[in-house]
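Note: hydrogens, waters and symmetry copies are ignored here, and every other heavy atom, side chains too, is used. Residue numbers begin at 1 in each chain, while the letters A, B, ... track the order of the sequences.
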Amino acid sequence: MTSRNLDRMFFERDPRKVAPALLGTLLIHGRTAGRIIETEAYLADCDPAAHAYRGRTKRTEVLFGPPGHAYVYRTRQHCCLNVAVQPPGTPGCVLIRSLLPVVGVPVMRRRRGGVPDTHLTDGPAKLCQAMAIGMDQYGVDLCAGGSLRIVAGDGGSAPMRTTPRIGITRAKEWPLRYVSMPD
DNA sequence: CTTACGATTCCC
DNA sequence: GGAATCGTAAGG
């Protein structure tokens with residue numbers, strides 16, 4: 001049973017393609033892992049809600065590089081994980097919003113301060129806290145086979161629905177949030 | 001240097 | 001509904 005690490009070609013596509021394709025895959029960091037069940041696409045061009053919309057800065061730098069690298073950003077006192085997609089110079093990305101805990105649940109509980117298991121990784125900053133993903137992971141290559149990586153899911157495409165993106169003030173109607181349907 | 005502002009979370 | 005709380009980005 002050899003799990004397939006997602007390769008760079010997987011991430012080289014449009015975020016609207018990558019975001020739904022990421023549903024059902026396994027995000028791994030160290031001894032923890034979780035199945036991705038919610039993502040959002042942020043477009044490279046003319047997406048006023050995207051961090052890269054106002055151009056290249058120190059913070060958004062990795063979005064302009066090659067696909068498959070981690071874009072970690074800070075909001076308030078939390079960190080969130082994105083994956084840079086599309087070819088260099090095209091700053092599309094996908095935000096990982098929620099996952100199902102699979103491996104390392106005890107350590108996740110500890111890091112999350114003993115909240116109920118249902119709230120371990122059900123938010124973009126919560127999953128980062130549970131999996132110890134922070135600014136140290138900024139720019140990490142997810143295709144390099146390091147401790148932070150994403151491997152393909154078991155079966156084919158799972159049922160999914162789209163909704164507007166959460167927590168943004170611009171382009172709030174765009175249906176770029178992808179959510180796995182419960183079994 | 002100063003100001004404005006969050007791709008959130010948690011509590012009331 | 002509202003506060004916490006701090007780095008980033010932009011402007012003087």
### Separation of B/dT9 C1' from A/Arg97 CZ (nearest whole Å)
11 Å
### Message
At 4.0 Å (heavy atoms only), tell me whether A/Cys93 reaches a base, stays on the sugar-phosphate, or touches nothing.
### Response
base
### Query
Can you tell me how far C1' of B/dC5 sits from OH of A/Tyr53, to the nearest Å?
17 Å
### Query
Counting side-chain heavy atoms from CB outward, which of B/dC10, B/dA7, B/dT9 is closest to A/Pro124?
B/dT9
### Nucleotide nearest A/Ala125 when distance is taken to its side chain, options C/dG7, B/dT9, C/dA9
B/dT9
### Query
Could you state the CG-P distance from A/Asp122 to B/dT8, rounded to the nearest angstrom?
13 Å
### Message
With a cut-off of less than 4.0 Å, is there a side-chain N or O of A/Thr57 near OP1 or OP2 of C/dA9?
### Response
yes
### Task
Would you tell me if any nitrogen or oxygen in the side chain of A/Lys172 comes within less than 4.0 Å of OP1 or OP2 on B/dA7?
no
### Task
For B/dA7, give its Watson-Crick or G-U wobble partner with both distances under 3.5 Å, or none.
none
### Query
5'-most contact on DNA chain B: A/Tyr71 or A/Gln129, nearest heavy atom basis?
A/Tyr71
### Task
Determine whether A/Leu142 and A/Phe10 fall in the same hydrophobic cluster, where Ile, Leu, Val, Met, Phe, Trp and Tyr are linked whenever their side-chain heavy atoms lie under 4.5 Å apart.
yes
### Task
State which of B/dT8, B/dA7, B/dC10 makes the closest approach to the side chain of A/Arg112.
B/dC10
### Atom-to-atom span, CG of A/Leu63 to C1' of B/dA7 - whole angstrom
12 Å
#### Entry: pi-stack flag for A/Tyr73 and B/dA7, centroid dist under 5.5 Å, interplanar under 30°
no
### Summary
A/Tyr178 atom OH is separated from B/dA7 atom P, nearest whole Å, by 19 Å
### Message
Without decimals, in angstroms, what is the distance between A/Arg54 CZ and B/dA7 P?
### Response
11 Å
### Message
Taking the six-membered ring for Trp, are A/Tyr73 and A/His51 closer than 6.0 Å centroid to centroid?
### Response
yes
### Task
Ignoring hydrogens and angles, answer whether the base of B/dG6 and the side-chain atoms of A/Arg76 contain a donor-acceptor pair closer than 3.5 Å.
yes
### Ion pair A/Glu40/A/Arg165, N-O distance below 4.0 Å
no
### Message
Counting the atoms with a prime plus P, OP1 and OP2 as sugar-phosphate, which does A/Ile168 contact under 4.0 Å by heavy atoms, base, sugar-phosphate, or nothing?
### Response
sugar-phosphate
#### Entry: A/Arg56 CZ - C/dT8 P separation (whole Å)
17 Å
### Task
Using only side-chain N and O atoms of A/Arg59, determine if any of them is under 4.0 Å from OP1 or OP2 of C/dC6.
no
### Task
Establish, with yes or no, whether the OP1 or OP2 oxygen of B/dA7 is under 4.0 angstrom from a side-chain nitrogen or oxygen of A/His51.
yes
### Query
Does A/His29 reach the main-chain N or O of A/Met131 with its side chain, forming a donor-acceptor pair under 3.5 Å?
yes
### Query
Does A/Asp47 pair with A/Arg170 as a salt bridge, N-O distance under 4.0 Å?
no
### Query
So, the side chain of A/Arg112 versus the backbone of A/His119: is there a donor-acceptor pair under 3.5 Å, distance only?
yes
### Query
Pick the nucleotide of DNA chain C nearest each of A/Met135 and A/Gln77; which residue has the one closer to the 5' end?
A/Gln77
### Query
Rounded to the nearest Å, what distance is computed from the CG atom of residue A/Leu120 to the P atom of nucleotide B/dT9?
13 Å
